[in-house]
Amino acid sequence: MLTADDVQQARLPLTKLTEGYDKDEVDDLLAKVVATLRAVESGTAIDDPVTADGVLQARFQATKFREGYAQDAVDDLLDRVMTTLRERPAVPVPPPAPAAQATGAPDGAVPGLLAPRRSWWQRVLGG
């Protein structure tokens with residue numbers, strides 16, 4: 001099984017002449033994988049953890065004649081990531097935000113903000 005440090009320290013070979021994967025896209029996914037694995041390792045909750053299915057569905061723009069990561073090396077690493085994510089316990093999910101409490105604010109008003117200004121007719125007619 002991989003750890004967050006294993007993924008963070010992985011060095012993927014670069015390619016220019018053959019087709020590769022866009023480096024920024026791969027790096028973004030791997031950063032999310034590292035955050036997910038760190039959350040699992042520490043037992044802390046994170047928003048939007050990466051799942052094995054999410055890794056499987058990831059697609060990267062192909063590169064040719066510009067620098068990118070070697071496709072086989074990325075695919076091998078992501079296979080190991082998927083295996084790790086399937087075998088590890090689920091990432092804790094943050095608790096839902098507390099429901100709005102009664103604050104005595106008029107209907108439609110956001111607590112802590114000024115009430116919407118009433119029109120002249122509403123003030124005269126009490127609406």
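Note: hydrogens, waters and symmetry copies are ignored here, and every other heavy atom, side chains too, is used.
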Counterpart residues, side-chain hydrogen bond (donor to acceptor under 3.5 Å, both in side chains), relative to [X] (two or more places apart):
X	result
T63	none
D27	Y69
D24	none
T51	none

- [ ] Kindly state each residue pair satisfying ring pair (Phe, Tyr, Trp, His ring centres under 6.0 Å) with at least one member in residues 30-49, sequence neighbours excluded.
- [x]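 Pairs touching residues 30-49 that pass the test: none.
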Task: Exercise: identify the closest heavy-atom pair between L37 and L2 - done: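 Shortest heavy-atom separation between L37 and L2 comes out as CD1-O, 4.4 Å.
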TODO: Heavy atoms only: give me the nearest A39-I46 pair and the separation to one decimal.
DONE: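 Residues A39 and I46, closest heavy atoms: CB-CG2, 3.6 Å.
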For [X], what residues pass the salt bridge (charged side-chain N to carboxylate O under 4.0 Å, His left out) criterion, not counting sequence neighbours?
X	answer
E67	K23
R88	E41
D6	none
D48	none

Task: Pairs satisfying side-chain hydrogen bond (donor to acceptor under 3.5 Å, both in side chains), at least one member in residues 72-86, at least two apart - done: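 Those involving residues 72-86 are Y21-D75.
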TODO: Decide whether V26 and V7 are clustered together by the hydrophobic rule: side chain heavy atoms of Ile, Leu, Val, Met, Phe, Trp, Tyr closer than 4.5 Å, transitively.
DONE: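 Yes: a chain of side-chain contacts under 4.5 Å links V26 to V7.
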TODO: Consider only side-chain heavy atoms of I, L, V, M, F, W and Y, link residues closer than 4.5 Å, and tell whether L14 and V74 are in one cluster.
DONE: yes
Open item on the list: To the nearest 0.5 Å, what is the distance between CG on D22 and CG on L29?
Closed with: 12.0 Å
Task: L77 side, atom CG; R11 side, atom CZ - distance, nearest 0.5 Å - done: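 CZ of R11 is found 11.5 Å from CG of L77.
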TODO: Apply the test side chain to side chain contact (heavy atoms under 4.5 Å, CB included) to residues L85 and M82: give CA-CA distance (whole Å), side-chain angles for both, the deciding distance (0.1 Å), then the verdict.
DONE: CA-CA 5 Å; L85 290 173; M82 284 188 297; 5.8 Å; no
For a quick test of your reading: what N or O donor-acceptor pairs under 3.5 Å do the side chains of residues 52-62 make, sequence neighbours left out?
unit_1: R59; atom_1: NH1; unit_2: L56; atom_2: O; d: 3.1

TODO: Taking the side chain as every heavy atom from C-beta outward, state whether L30 and L78 have any atom pair closer than 4.5 Å.
DONE: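 When only atoms from C-beta onward are counted, L78 and L30 do touch, with a gap below 4.5 Å.
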Open item on the list: Any heavy-atom pair between the side chains of K16 and R66 that's under 4.5 Å?
Closed with: no
Task: Contacts of A70 that satisfy side chain to side chain contact (heavy atoms under 4.5 Å, CB included) - sequence neighbours left out - done: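 Counting only residues at least two positions away or on another chain, A70 forms a side chain to side chain contact (heavy atoms under 4.5 Å, CB included) with P13, A73.
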